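Okay, structure first, notes after.
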Amino acid sequence: MRGVVAARGGYRTDRRRPYAPAMPTYPLSPEDREIQERTRRFVDEELIPWEQHAEEHGGEIPAEDKARHTQMAIDLGLYAMNMPASLGGTEFTMLQQVLVSEQIGRVTNGLGWVVHTPPAWAPAVVSEHQLATWIEPTVRGARHECYAITEEGAGSDVDAIEATARLDGDQYVLNGVKMHVTSFNHADYCFFQAKMSGGQHDGEHAMFFVDLDTPGIRVVRVPRYTHTYADHPPLVAFEDVRVPAANLVGEEGDGLSFTYEWFRYERLMIAARCCGAADRLITEATAFAKERVQFGEPIFAFQAIQHMLADSLTELWAARLMTYELAKNIDRSVDVKLQHAQCSMAKLYASEMAGRVADRAVQIFGGRGYMRENVAERFYREVRVDRIWEGTSEIQRSIIADQLGKRGVTDLIG
Ligand SMILES: Cc1cc2nc3c(=O)[nH]c(=O)nc-3n(C[C@H](O)[C@H](O)[C@H](O)COP(=O)(O)OP(=O)(O)OC[C@H]3O[C@@H](n4cnc5c(N)ncnc54)[C@H](O)[C@@H]3O)c2cc1C
């Protein structure tokens, strides 16, 4: 069926009135817009052109081009955008970080990961030695971290981890098998989460800096995943790994609080990246629909196609507003519990939205949408994990419902 408004000449109802200029509707400061535009240009001109190459080469692009991209991210002030200026970061506001992440979300194959965000929670809790040894070099791009938290028996239920840490003289002895350790192949240290074995904090969580060249660390296997990324998440065994006591992050018993802080941040950034992915998908699917002719007219003229695009755009707008407002709330330092609930809402909605949009985009592209050279096919696979990592959709719903029960509607969304 043809759409009722799909007149060939366009969608203007009043032909005497000129179109309003294409103005962004969300109120952003000139500085915010400039950061957004700076990132968009980097993504469009430098990263997107490499997508197909990466898809065909296991996510890899030539080393010199990756190094160039990383250097550009640093030069553009996008690298370590979440870190304090005193450490060499660019200390963007949370809204600015969301704007950057949204643009990064527009590129497939993890090519945007050159815009790296070191653990923002770390500077407040780590020692001078840890700052100098791991965090500052990470901000400069000289070192790279990965997270070893999840285990075969402990995913959503992080508290079920079986990895242990035992104090032996001036060293901790670490044991455990970690799963999905993303970027292990590019990192040179990890954050290892364990439960204390013995001592005053027996059974409580603790987190450690672990250099990956420490004896006793072994890759168990490198499974293949749905997406085609250069960063691999292998299973890794830590067997009697000895680290200096000075590698303990914060205090024994603190481990979970760092993980939760990291989750909160990443959930917001996932929401932003999902908005970027949806933006690209809708843009490309709309352009295709206007060009692709079947039954003598562009498929954009068919109401079935219009409805898929209209639903997608509407949902993207909702997700984007939610994500931007949450970022502004964090910039306003609203209560952490409120941030926690709103991060879950934004991640839940935006990741599920991106999944629906990717699915519709594949449908609009038809058979082409099933080809790996097509952006919709790649995003269809890639955004799937956004409903799983950093807490599944079911876990986000549990968090939201828990907060709703404790605080009520007004406290959570005004
Ligand atoms: C590509 C990828 C990269 C990752 N990178 C990392 C990383 O770098 N470091 C790291 O530590 N981890 C990483 N993870 C792990 C990720 O965080 C976990 O996969 C995620 O937390 C879910 O855990 P799980 O896979 O064990 O699923 P499970 O916890 O086993 O869940 C299985 C199913 O049960 C549901 N479920 C579980 N509990 C409940 C509940 N209480 N109520 C309702 N439903 C429930 C879940 O929603 C899901 O549908 C990564 C995962 C992937 C896929």
Side-chain angles (χ1 to χ4, degrees), residues 58-59 105 108-110 112-113 116-119 121 138 144-163 174 176-195 205-210 212 217 219-238 249 255-271 273-274 277 343-344 347-348 351-352 354-355 378-405:
T108 63
N109 298 89
W113 287 15
H116 184 62
T117 48
W121 52 269
T138 307
H144 214 297
E145 82 282 17
C146 59
Y147 281 81
I149 299 167
T150 303
E151 298 174 7
E152 283 184 297
S156 303
D157 184 5
V158 181
D159 195 33
I161 59 169
E162 291 182 351
L174 310 178
V177 179
K178 295 295 183 176
M179 196 174 182
H180 308 300
V181 187
T182 299
S183 304
F184 183 86
N185 55 327
H186 292 150
D188 66 342
Y189 72 96
C190 76
F191 290 100
F192 180 86
Q193 183 138 349
K195 280 189 174 171
H205 285 251
M207 188 180 271
F208 301 87
F209 285 99
V210 181
L212 295 184
I217 300 177
V219 172
V220 178
R221 68 187 181 95
V222 189
R224 295 193 67 195
Y225 285 68
T226 303
H227 57 213
T228 314
Y229 282 15
D231 290 76
H232 302 156
L235 265 92
V236 183
F238 294 74
V249 184
L256 262 184
S257 61
F258 309 137
T259 304
Y260 288 146
E261 201 165 328
W262 170 248
F263 279 168
R264 257 196 311 280
Y265 178 77
E266 263 306 297
R267 284 168 189 166
L268 172 59
M269 294 306 145
I270 287 170
R273 291 199 297 271
C274 284
C343 285
S344 289
K347 196 239 182 201
L348 172 66
S351 63
E352 303 236 332
R378 295 194 300 275
F379 268 132
Y380 180 72
R381 281 180 288 122
E382 291 181 13
V383 298
R384 188 63 185 84
V385 77
D386 291 318
R387 287 148 66 187
I388 297 172
W389 58 13
E390 313 305 348
T392 62
S393 287
E394 292 71 32
I395 295 301
Q396 307 310 329
R397 289 188 177 97
S398 299
I399 293 169
I400 298 160
D402 179 56
Q403 288 295 314
L404 174 64

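Everything numeric in this text was worked out from a predicted model, so none of it was measured. Whatever order the structure lists them in is the order used to number ligands and atoms, beginning at 1.
- Side-chain N or O atoms of Glu352 include none that pairs as donor or acceptor with a backbone N or O of Arg387 at under 3.5 Å.
- A salt bridge does not link Lys347 to Asp386: none of the charged nitrogens lies less than 4.0 Å from a carboxylate oxygen.
- Taking the six-membered ring wherever Trp is involved, the centroid distance between the rings of Phe191 and Phe209 falls below 6.0 Å.
- Sorted by chain and number, the residues within 4.0 Å of ligand 1 by heavy atom are Tyr147, Ile149, Thr150, Gly155, Ser156, His180, Thr182, Tyr225, Val385, Ile388, Trp389, Glu390, Thr392, Glu394, Ile395.
- When each of Trp389, Tyr147, Tyr225 is paired with His180, the side-chain hydrogen bond (donor to acceptor under 3.5 Å, both in side chains) condition holds for Tyr225 and for no other.
- For the pair Val385 and Tyr229, the minimum side-chain heavy-atom distance is 4.5 Å or more.
- Taking the ring centre of Phe238 as origin, the terminal cationic atom of Lys178 falls outside the region bounded by 6.0 Å and 45° from the ring axis.
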